[in-house]
Participant: 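Below is the structure I would like to discuss, written out as structure tokens.
No hydrogens, no waters, no symmetry mates; every other heavy atom, side chains included, goes into these values. In what follows, chains are A, B, ... by sequence order, proteins preceding strands, each numbered from 1. Just so it is clear, the structure is predicted and the values come from calculations on it, not from any experiment.
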There are 2 protein chains.
Amino acid sequence: MTWCIGKLIKVTEKLQTKKKEILRAAREVFAENSYQGTSIKAIAKKAKIATGTFYLYFTNKDALINMIVEEMFHELLDYIKRERANYTDGFDKLQASMEACIKLFIQEKNMAKILLVQVPGVNNAFNVKLIEIENELIKLTKEDLDELKSQGRIPDEDTFITALAFVGSFRQVIINWLRQGKPENLEEVCTTLMKYNLRGMGKSDVSC
Amino acid sequence: MTWCIGKLIKVTEKLQTKKKEILRAAREVFAENSYQGTSIKAIAKKAKIATGTFYLYFTNKDALINMIVEEMFHELLDYIKRERANYTDGFDKLQASMEACIKLFIQEKNMAKILLVQVPGVNNAFNVKLIEIENELIKLTKEDLDELKSQGRIPDEDTFITALAFVGSFRQVIINWLRQGKPENLEEVCTTLMKYNLRGMGKSDVSC
DNA sequence: GAATAAAATGAATGATTATTCATTTTATTC
DNA sequence: GAATAAAATGAATAATCATTCATTTTATTC
């Protein structure tokens, strides 16, 4: 066999494509069933491969879920950070973060289901990863709040608690939307929710 | 055997006592492990009975978890309703609800862990029950908000969303406390959190 | 198009664990 | 304190799935 870099790249590309296909299928199955309720057989079926083939691409089930959560971690945070980058004002950054989050969750409902509904009850490595994502989001929020506080635009209160309250209020609305389809139009209520939180953190600007 | 009502009562009491003991043990095990991670063997060990004995008191694992969630459902909501009953003012009722919730969760940390961390990821009947509890709490909150709105004490906004935001902010803080031990003193931050939410809903009273 | 290598297959394995049941232990009755 | 009934036991059963591996299929090379 002649050594051929072009071919090698093609082969690994093909492998990657198949791996991605498995990941895509797994996300779908996992979004509808819990971790334990998701069988490799079901994932393989959805990906149109044999169960054994799965193990050519992933060492085991845990590695798969780990990769799914990790991927989502980056998709979500990268998107949020990209959207935030368009603003410098603290309030604007907060708003951009949440709008990005909601926009992505509407677009990728499976991601929302996995991150907010399915993974949280599994008590192992993924939960640690999940907590990492949430902490990162809370950290971003807290940074904005600290900035606003130092500018004297919000009252002097524990910004960590405020950040938790802010994130928590959105999370609850999103979870309700996922589980019960209410509110029907998630994007629409975003305004009400944002107003609630801006008042909550004590926005004292005379803007608008 | 002579028929003897006193004895009969004693026997059923003993049965109930044992059932309660199993429930108590199960709560402990379940709070530390996920639903799937909780084995009947482990529960039996903690309750100091043989695994087979478990099935004399519960038809199966699902029935047990169901009963645990149901029990907690009533413990929590009864307590909240009792505390609320001491107040007539909408804001006071809201505050009493949340203070009751937090007080109970501090006192019975296992309950909080099971209701907020362990059960949510299990996708079956318990989740339906769990959603019921949450809906009930949100309904109570919404009622208070509607009352306040009709009195012109908060601005005219979607009270359902406001109720979700209110409950969600507390939930997030409690979950963070359970998972990461921060904030250390949950009761203390309750004030900050309550202030946040009162501002959020647009409390326009000039009380204090 | 034969020979070789790479991928894919899915039945078999093995580990786990809920549930059962034949047996033993404990309690009750006379 | 027999005789009987009620409770408790834990090894055996059965079902579920993640994982493996001998075999087959497909692709690649000359």
Participant: For E147(A), which residues count as a salt bridge (charged side-chain N to carboxylate O under 4.0 Å, His left out) partner, sequence neighbours excluded?
Facilitator: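 So E147(A) forms a salt bridge (charged side-chain N to carboxylate O under 4.0 Å, His left out) with K93(A).
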
Participant: Could you pull out all residues at least two apart from R179(A) that satisfy salt bridge (charged side-chain N to carboxylate O under 4.0 Å, His left out)?
Facilitator: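 Testing R179(A) for salt bridge (charged side-chain N to carboxylate O under 4.0 Å, His left out), a comparison that skips the adjacent residues, returns E134(B).
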
Participant: Heavy-atom distance under 4.5 Å between the side chains of M72(B) and R27(B), does that happen here?
Facilitator: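 Result yes, sub-4.5 Å side-chain heavy-atom pair found.
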
Participant: List the residues meeting ring-ring contact (aromatic ring centres under 6.0 Å, His included) with F54(A), not counting sequence neighbours, and say none if there are none.
Facilitator: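 For F54(A) the ring-ring contact (aromatic ring centres under 6.0 Å, His included) partners, ignoring immediate neighbours, are F58(A).
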
Participant: With K113(A), which residues qualify under side chain to side chain contact (heavy atoms under 4.5 Å, CB included), at least two apart?
Facilitator: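 Testing K113(A) for side chain to side chain contact (heavy atoms under 4.5 Å, CB included), a comparison that skips the adjacent residues, returns A31(A), E32(A), L178(A).
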
Participant: Quick one: I43(B) CD1 to dA8(D) P, roughly how many Å, whole number?
Facilitator: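 That distance rounds to 17 Å.
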
Participant: In whole angstroms, how far is the C1' atom of dT25(D) from the NZ atom of K48(A)?
Facilitator: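 Interatomic distance, NZ of K48(A) to C1' of dT25(D): 20 Å.
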
Participant: Summarise how protein sits on nucleotides 14-22 of chain C as a single string, 5' to 3': B when a protein heavy atom is under 4.0 Å from the base, S for sugar-phosphate-only contact, - for no contact.
Facilitator: ----SBB--

Participant: Atom NZ of K45(B) to atom P of dA8(D): distance rounded to whole Å?
Facilitator: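 Distance, rounded to whole Å: 20 Å.
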
Participant: With N197(B), which residues qualify under side-chain hydrogen bond (donor to acceptor under 3.5 Å, both in side chains), at least two apart?
Facilitator: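 Partners of N197(B) under the side-chain hydrogen bond (donor to acceptor under 3.5 Å, both in side chains) test: Y196(A), S169(B).
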
Participant: Checking contacts here: which listed nucleotide (dA8(D), dA8(C), dT9(D)) is nearest the side-chain heavy atoms of A50(B)?
Facilitator: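 Looking only at side-chain atoms, A50(B) lies closest to dT9(D).
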
Participant: Give every residue pair that meets the salt bridge (charged side-chain N to carboxylate O under 4.0 Å, His left out) criterion with at least one member in residues 36-53 of chain B, sequence neighbours excluded.
Facilitator: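 As it turns out, the salt bridge (charged side-chain N to carboxylate O under 4.0 Å, His left out) pairs with a partner in residues 36-53 of chain B, which skip direct neighbours, are E28(B)-K46(B).
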
Participant: Given dA7(C), dT9(D), dA7(D), identify the nucleotide with an atom nearest to the side chain of I49(B).
Facilitator: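 Side chain of I49(B) sits closest to dT9(D).
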
Participant: Wobble G-U and Watson-Crick pairs count when both distances are under 3.5 Å; given that, what is the 5' to 3' dot-bracket string of DNA chain C, with | for pairing to other strands?
Facilitator: ||||||||||||||||||||||||||||||

Participant: Looking at residues at least two apart in the chain, or sitting in another chain, which of them share a salt bridge (charged side-chain N to carboxylate O under 4.0 Å, His left out) with K61(A)?
Facilitator: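 For K61(A) there are no salt bridge (charged side-chain N to carboxylate O under 4.0 Å, His left out) partners, ignoring immediate neighbours.
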
Participant: Atom OH of Y57(A) and atom C1' of dA7(C): how far apart are they, to the nearest Å?
Facilitator: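 Computing the Y57(A):OH to dA7(C):C1' distance gives 7 Å.
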
